[in-house]
Structure formats: structure tokens, C-alpha cells
Amino acid sequence: MPQVPQTLDALAVRTWCGLALEALGRAREEIDAINVYPVADGDTGTNLYLTVESATAAVEAVFAGHETVAAAGDGRASAGDGRPTLADAVRAMAHGALIGARGNSGTILAQLLRGMALVLAADGESGRTGAEGLRLALRQAADSARDAVAHPVEGTVLTVAAAAAEAAGGAEGDCGTVARAAYEGARAALVATPRQLAVLARAGVVDAGGRGLVAVLAALVETFTGESPRAGWALGEVHTRVAVAAGPVTAAGHTEPGPVEPGHAEPGCVDDRPDDGGPAFEVIYLLEAQDAAVTRLRDRLDRLGDSLVVVGGDGLWNVHVHVDDAGAAVEAGVEAGRPHRIRITHFGLGDAHTAGAAGLPPRERAQRAVVAVVPGEGLAGLYAEAGATTVLARPGEPPASGELVDAVRRAHAREVVLLPNDADLRHTAAAAAEQARTEGVRVALIPTRSAVQGIAALAVHEPGRRFDEDVVAMTSAAGATRYAEVAVAERQSWTMAGICQAGDVLGLIEGDVAVIGADIAATAEAVIDRMLAAGGEMVTLVVGDEAPGAIAARLESRVREGYLAVDTVVYRGGRQGALLLIGVE
């Protein structure tokens, strides 16, 4: 039998993470099935699992690091036996959850874990390894999570967390006793959630995020006692409990919803208001920014959309919001600091923001979706507005095949067109496509080598026609688009156009250096002239943040004056690496 930790130490944190991951793995599908709030997109269980998976991986990495140091025998292992301290473990847990948080529920769970870490890893608090430390940590977790949500709503995971903290605060005994009290308090609050949130009562379910937290707290009980409480209910039992808790049963056998507590409902979320369709996109990104900038960001995003949750601190934040203008949400992050790991998901019609769900149908797969790798925040918004699920390729950090597979899963479609938009990602995209096919998704990989080719392909995408015909049309449009970019040389190098020095401006056509210059605009003009010498009907310009402000107007003027039959369209690419991307169709 595995060793049961007697105190709240690093081993306990490691054990808890592992058990929580197992519990969420077992409950994931059930939690997905009861996900109706704030949007009925059927992914709460999956998001919680992925968030805890990231937290668990971070804790395991810390243990592996200390074991390596101990094996080296240099005496630097903090506990002397290859184990990290409690502070090391809880900081890793919180950081892993923060960077891996998925969806509304995962983001809130990340803040719950961060709240615990603020108490358990505080300077001078090394003695908080017993029941009192756990009580304080659970209280800080609930308070931190509530503070992170722009408009807290009762009947959600926030209510369940608060009930857990309250119950733990009144428990006397060891860590196991406190953990069990928190679990029982959370479970009782979960059963009552339909009384507080009408959409849950109408659907006959408890809150999905709260259900996930109960599973996580059940794992905490097992960590300290070695015994698993009745961590979850089968889906039918959840329905039974909700029917009893929601209100009296009428003579006709129908359950009447109990009174819904008044509260401030999140604008645009599923509640008692008439359904207005809700925002179209979920936007999530990590953000490196200072506190003052994040305060301004909260205000701006709150005006843009709903379901706003901003968690983190110490310069690193996880931002989650539902909006209609995905590009504006990302641009707000760019103004606040440095956003990365940007994920934009388009809510499909009929599966999200479905008010008043009367049952629990599984979320329907869309027939077809497009998944695209994009090099900058601006293009991420552009592609998302066109209906694509995007993966951001950060300069110097190409996405792994796992990220592409995850994006295919998020697209939730039977057929997926994959646009890698980079010649170097060909093999990565092929591996992702093959993995997705083993999961029953029909995937077509179009070998786009630049984001401008992807734009051309997306422009002719028609989900209503046969899959093969759509893929042929998109492939043809991409292939008919020549591509180029303007960048700055980082070092001296031999090129097809001669020797370049660090700081020279390079014009690359189809991946090869064709022009070496000293001026960005002049080099871009030379590139466009060379490309249009072979003909063309449209020039696409994607301008990066570091390009001169007037370059787009200058190039548009050049095309207009020199090529009368050629149109020009300009997009803002954000931090895309290259100064300028150019496409000629």
C-alpha cells in the first residue's frame, strides 16, 4: 500500500496531484456531460483534467530535479533526501496549473491552487504543515478564486469552494479530518447548486465545475487517510439528488425548481435572461505583465465580453474571456504586456450558449472545421473570426504535434482541414493529423508554407460542399499564392543573393533570400516588384508590430501606382517574428 503522508509536506502535494488526476480521469466524461454553465460546450471535465495534468507534471519535475541533485551528492537537495520542500512543491503545483489552465473551470482551479500556495509557501510559514495550515490554505484558495472572477455567480464552483473552506475552518483534528470536512462541505454545496442557478435546475444537473472540485477534494481526503470517500456519483444519481434538492415534486411527477438566489449574473452567460446567442469566441492566453497593466486589462475585457477570469500574479497571468471580437481581446493583452500560448476557440452554433437546456445531449460535433497555425496575435484573431481554431506559433517556439492534436480536439468536428502555414512544420502537422485520424477524425493536411497561403485557402473554404471538393479548392488557392517575407538578419550569413551582415534587411521569396537591403520599405518594394513581374491580381500584406508605422500606406501606394489591375489588402499581424509577410495571388 502506498505511504500515506501524515503531514502536509511535499510528498502529500505529490500524492494529492496524482490522485486528483486519476479522479478527474474517471469523472471526466460525466463532468463534460453535465456542463451547461456558463456555456454548454461539454468540456469542463476535460479542461479540469488537463489543468491538473499540467500541475502534476510540474510537481513531478521538481521531485525529479531534487532526486538528480541528491544522486550527485553535492548536498544541495533541500530536504537532504532528494525531496523538495513544501514550498517548492506547492509553488510548482500552482505554476503548472497556471500555465496549463484550460477553459473557465480550469482557470478558476488554477487560482484555487495558487491561493493555497500563497499560504503554504509564504516566507516564515514553514510550520504550516498541519491541520491549521490546511484550513488557512483552503480559505485563501476560495477567497482568491472569487476575487479572480469579474462577476462571481452563486451556484458555481466558487460557491462549492467557499463551502469547503467554511467546513474546513470549523473542523478540529488532523489533516485528514480537515480534508474530509472540506469534502463533505463541498459535496453538500454541490447538491444545492441548482437552487442557486436556474439553468442547472432546468437541465436537472449540478454545476460541472463544482463537481470537479468535489473530485479533487476527495483525492485530498484519500491523500491523508488512504481511504477514498464516495468521491462521485453516477450520472443518474446526480439527477436524483438534483431532483430532490431542487424543489418539491408535483402531483404530475415533475420537479418544481426551488427558489433561485438573487445575484449578479455574468453578462452574456447562460442564466434566466433570454438567449441572445452569447459571445462567439473563447480566448485564453498567458500574459507577462505588471499588476497595474492587468487591472486596466480586466476593465477593458469586462467591457468586451463575459466569463472573465484573470488569475496569477508575480508578473505571470492566465487570462480567460468569452468575446465576439477575439482580435480585440488579444490586442488588449498586447497593450498590457506580452501574451503567449494564445488559444482562440470558436463556439459552434447549437453547442454553446444554449439557454435552458432541458436534458443532457452530448455536444454535437461540427461537420467540418479548419485548424491553423498562425505566427502572430493579429492573425490569430483574423483566422478565428473566419471560424478557424488557431494555434499560435511563437517566434523561436514552434508548436509540437501535441498542441496541434489538442487544437483538432477543440475544433470538435468530424472533418478537419489542417493548415500548418510553415514549411518547417510539415512533419509535425503530419504526425498530428495521423494521431487525430486514430481518434476517428477525418483530417486533410494542406501543405501551406506561409500564413498568407493559409489566408487564401481560408477565403475559399466552404463547409457546405463535399469534403474532397473543399480540400481541392483550398489547396488550389494556397498553391496559387506566392509568398514572401521581410525580416532583419541576426548574423552574417551566405545567401542566394550574396553575403548579408547582421542588421541587414532581407527579402525572402518562397523561403530563399532574394533581396538584401538597408531600408525596410525599399526592400519590401523590391520584393513586391519581383513577385508581380510574374503577374498577380491581389497583394496581401501582413504587417508586424516592429515594422515602420507608414510602411503599409507606402506599399499600397506603390502597388496602386505601378500595377493598376492589382488590389491590396492589409492585416495587422502583431508579434509575428517577420516585419512583413507578403502574398501575391
Side-chain angles (χ1 to χ4, degrees), residues 3-21 51-52 54-63 65-66 77-101 108-148 161-162 164-183 185-186 213 216-225 311-314 316 318:
Q3 179 182 355
V4 177
Q6 299 301 309
T7 59
L8 184 54
D9 57 10
L11 178 60
V13 173
R14 184 187 202 181
T15 303
W16 180 31
C17 286
L19 291 172
L21 188 63
T51 301
V52 173
S54 181
T56 303
V59 172
E60 290 298 329
V62 166
F63 267 83
H66 280 74
S78 55
D81 59 356
R83 291 184 186 175
T85 64
L86 172 62
D88 290 334
V90 295
R91 286 190 186 116
M93 175 183 68
H95 181 74
L98 178 67
I99 64 174
I108 292 174
L109 178 60
Q111 188 69 357
L112 286 166
L113 298 181
R114 176 177 169 77
M116 296 186 72
L118 289 175
V119 170
L120 300 176
D123 293 339
E125 299 297 343
S126 58
R128 286 185 175 170
T129 59
E132 178 61 17
L134 184 56
R135 281 191 288 267
L136 292 172
L138 290 169
R139 167 50 57 196
Q140 181 62 47
D143 292 345
S144 296
R146 186 169 290 268
D147 290 343
E166 187 68 24
E172 297 294 336
D174 59 10
C175 288
T177 302
V178 172
R180 188 174 292 278
Y183 163 75
L213 180 58
V216 171
L217 291 173
L220 186 64
V221 175
E222 186 175 359
T223 296
F224 290 114
T225 67
V311 304
D314 301 321
L316 182 63
N318 191 304

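These numbers were taken from a predicted model, which means no experiment stands behind them. Heavy atoms only: backbone and side chains are in, while hydrogens, waters and symmetry mates are out.
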Rounded to the nearest 0.5 angstrom, the CG-CG distance for L109 and L98 is 11.5 Å
For the residue pair A181 and A171, what are the closest heavy atoms and their distance?
CB-CB, 3.6 Å
Exercise: identify the closest heavy-atom pair between A92 and A58:
O-CB, 3.2 Å
Run the side-chain hydrogen bond (donor to acceptor under 3.5 Å, both in side chains) test on T177 and D174 for me, step by step, so that the C-alpha distance in whole Å, both residues' side-chain angles and the decisive distance to 0.1 Å come before the verdict.
CA-CA 5 Å; T177 302; D174 59 10; 2.9 Å; yes
Does W16 use its side chain to pair, donor to acceptor, with the backbone of L217 at less than 3.5 Å?
no
Minimum heavy-atom distance between G130 and C175, given as atom pair plus value:
C-SG, 3.5 Å
In Å and rounded to the nearest 0.5 Å, what is the CG to CZ distance from L118 to R91?
10.0 Å
Output for pair (I108 CD1, Q111 CD), nearest 0.5 Å, gives 9.5 Å
Do any N or O atoms from the side chain of R114 and from the backbone of A94 form a donor-acceptor pair under 3.5 angstrom?
no
Taking every non-hydrogen atom, the tightest pair across G185 and A167:
CA-CB, 3.9 Å
From T85 atom OG1 to L120 atom CG, the distance as rounded to the nearest 0.5 Å
11.0 Å
Quickly, which of V119, L8, T7 forms a side-chain contact (heavy atoms from CB on, under 4.5 Å) with L134? Name it, please.
L8
Testing T223, D88, V62, L86 one by one against V13 for a side-chain contact (heavy atoms from CB on, under 4.5 Å), which residue passes?
L86
What pairs with R180 under salt bridge (Lys or Arg N to Asp or Glu O under 4.0 Å), at least two apart in sequence or on another chain?
none
Restricting to side-chain contact (heavy atoms from CB on, under 4.5 Å), what partner residues turn up for A131, sequence neighbours left out?
R135, V178
Could you grab the distance from atom CG of L138 to atom CG of D143, nearest 0.5 Å is fine?
11.0 Å
Closest contact, heavy atoms only, M116 versus A141:
CG-CB, 3.7 Å
Verdict with reasoning, R14 to E60, per side chain to side chain contact (heavy atoms under 4.5 Å, CB included):
CA-CA 7 Å; R14 184 187 202 181; E60 290 298 329; 2.9 Å; yes
Which heavy-atom pair separates F63 from A10 by the least distance, and what is that distance?
CZ-O, 3.5 Å
May I have the step-by-step check of side chain to side chain contact (heavy atoms under 4.5 Å, CB included) for R83 and L11, ending in yes or no?
CA-CA 8 Å; R83 291 184 186 175; L11 178 60; 4.2 Å; yes
Under 6.0 Å from the CD atom of E166, do we count more than 12 heavy atoms belonging to anything else shown?
no
What verdict does the side chain to side chain contact (heavy atoms under 4.5 Å, CB included) test give for D314 and H95, after you've listed the backbone C-alpha separation in whole Å, the side-chain angles of each residue and the deciding distance to 0.1 Å?
CA-CA 11 Å; D314 301 321; H95 181 74; over 6 Å; no
Atom pair CG (L21) and OG1 (T56), whose distance is rounded to the nearest 0.5 Å
4.5 Å
Counting N and O atoms only, with roles assigned by atom type, does the side chain of S144 sit under 3.5 Å from a partner on the main chain of L112, one being a donor and the other an acceptor?
no
